[in-house]
Amino acid sequence: MFKHAIVKTPGKSYVNGLTTADLGKPDYEKLLEQHDAYVKALKKCGVDVTLLPASEQFPDSTFVEDTAVLTSEFAVITNPGTPSRNGETKEIESVLKNFYHTFYFIQAPGTLEGGDVLQVDNHFYIGLSKRTNKEGARQLKEILDSHGYTGSVVPVNDYLHLKTGVSYVQKGLMLVTGEFVEHEGFESHEQIIVPPNEDYAANCILVNDYVMMPKGYKETKQKIQEAGHKIIEIEASEFRKQDGGLSCLSLRF
Ligand code: CIR
């Protein structure tokens with residue numbers, strides 16, 4: 001069960017953040033509404049939410065997931081793989097000191113972003129992407145090994161992060177799309193295949209008794225419901241415009 005979540009209000013500079021999506025400029029008012037609905041949904045799932053204020057100097061900082069990897073015993077502060085996001089980790093580290101005693105740090109030349117790390121029980125899949133390099137993955141694996149977890153790397157070619165295309169929604173059940181369909185690393189898990197026209201919905205989060213998923217992806221929604229889940233749908237158009245999915249918007253622990 002997750003007890004806590006950390007989220008961060010998007011600043012006005014969000015509209016100038018990094019993106020490859022080509023879906024137009026985000027509408028800031030709409031974005032705030034969608035973010036507020038996301039926070040309310042987390043609360044409905046029963047987690048205590050820490051809401052951080054906006055930081056205009058970091059346009060992408062509402063995507064807090066990328067700054068840390070959390071387990072029940074320790075926190076790993078990442079080293080984001082893009083210069084404009086590097087300074088985001090300082091604030092998160094100080095907030096996490098309220099919850100954790102044991103910290104590790106991904107060190108240069110290693111880079112790693114939390115969006116590339118998918119925990120499935122005691123195993124961590126680590127995406128090798130444009131943001132997470134081999135050295136960053138190696139350092140994380142070493143930290144995980146020292147605590148009795150396992151880790152394996154998964155090359156990510158077509159997506160920003162590993163979790164853009166894969167989610168874990170319950171014991172043994174994953175959502176996969178695109179290059180991750182029939183990927184040998186995920187073969188041992190039951191899979192819901194998310195069709196290409198709904199691939200944005202491959203990024204869902206299981207938060208206690210609910211799956212939070214983006215609104216408007218009928219086929220995927222039906223499959224998740226058929227797997228026995230209660231769903232909370234979130235309007236996510238303004239996050240999508242900046243390559244962000246629902247997992248990216250919080251740290252859950
Ligand atoms: C970025 O390019 O870093 C942001 N615009 C989007 C980050 C999304 N984060 C995630 O998938 N974990």
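Order of listing sets the numbers, starting from 1, for every ligand and every atom in it.
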| request: Evaluate side chain to side chain contact (heavy atoms under 4.5 Å, CB included) for Thr71 paired with His147, printing each intermediate quantity in order. | output: CA-CA 10 Å; Thr71 71; His147 283 267; over 6 Å; no
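Between His4 and Phe99, the two ring planes are tilted [angle within 30° to 60°].
Listed by number with element, the atoms of ligand 1 under 4.0 angstrom from any heavy atom of His161 are 9 (N), 10 (C), 11 (O), 12 (N). Within ligand 1, counting atoms from 1 as listed, the ones closer than 4.0 Å to a heavy atom of Asp243 are 6 (C), 8 (C).
The shortest N or O to N or O distance between Arg131 and ligand 1 is under 3.5 Å.
If you look at Arg85 next to ligand 1, the close heavy atoms, those under 4.0 Å, all belong to the side chain. The proximity of Glu113 to ligand 1, defined as any non-hydrogen pair under 4.0 Å, does not occur for either the backbone or the side chain.
Under the 4.5 Å side-chain criterion, counting only non-hydrogen atoms from C-beta, Glu238 is not in contact with Tyr28.
Among protein heavy atoms, atom 6 (C) of ligand 1 sits closest to Gln242 O, 3.3 Å. The single protein non-hydrogen atom nearest to atom 4 (C) of ligand 1 is Asp60 OD1, 3.3 Å, given as residue, atom name and distance. Atom 12 (N) of ligand 1 has its closest protein heavy atom at Asp66 OD1, 2.8 Å.
Ion pair Glu198/Lys218 not flagged as a salt bridge, since none of the NZ, NE, NH1 or NH2 atoms sits closer than 4.0 Å to an Asp/Glu carboxylate oxygen. A salt bridge is absent between Glu88 and Lys8: the closest approach of a Lys/Arg side-chain nitrogen to an acidic carboxylate oxygen does not fall below 4.0 angstrom.
By heavy-atom distance, the residue among Gly245, Cys248, Pro59 lying nearest atom 11 (O) of ligand 1 is Cys248.
With ring centers used as reference points, Phe2 lies 6.0 Å or more from Phe253.
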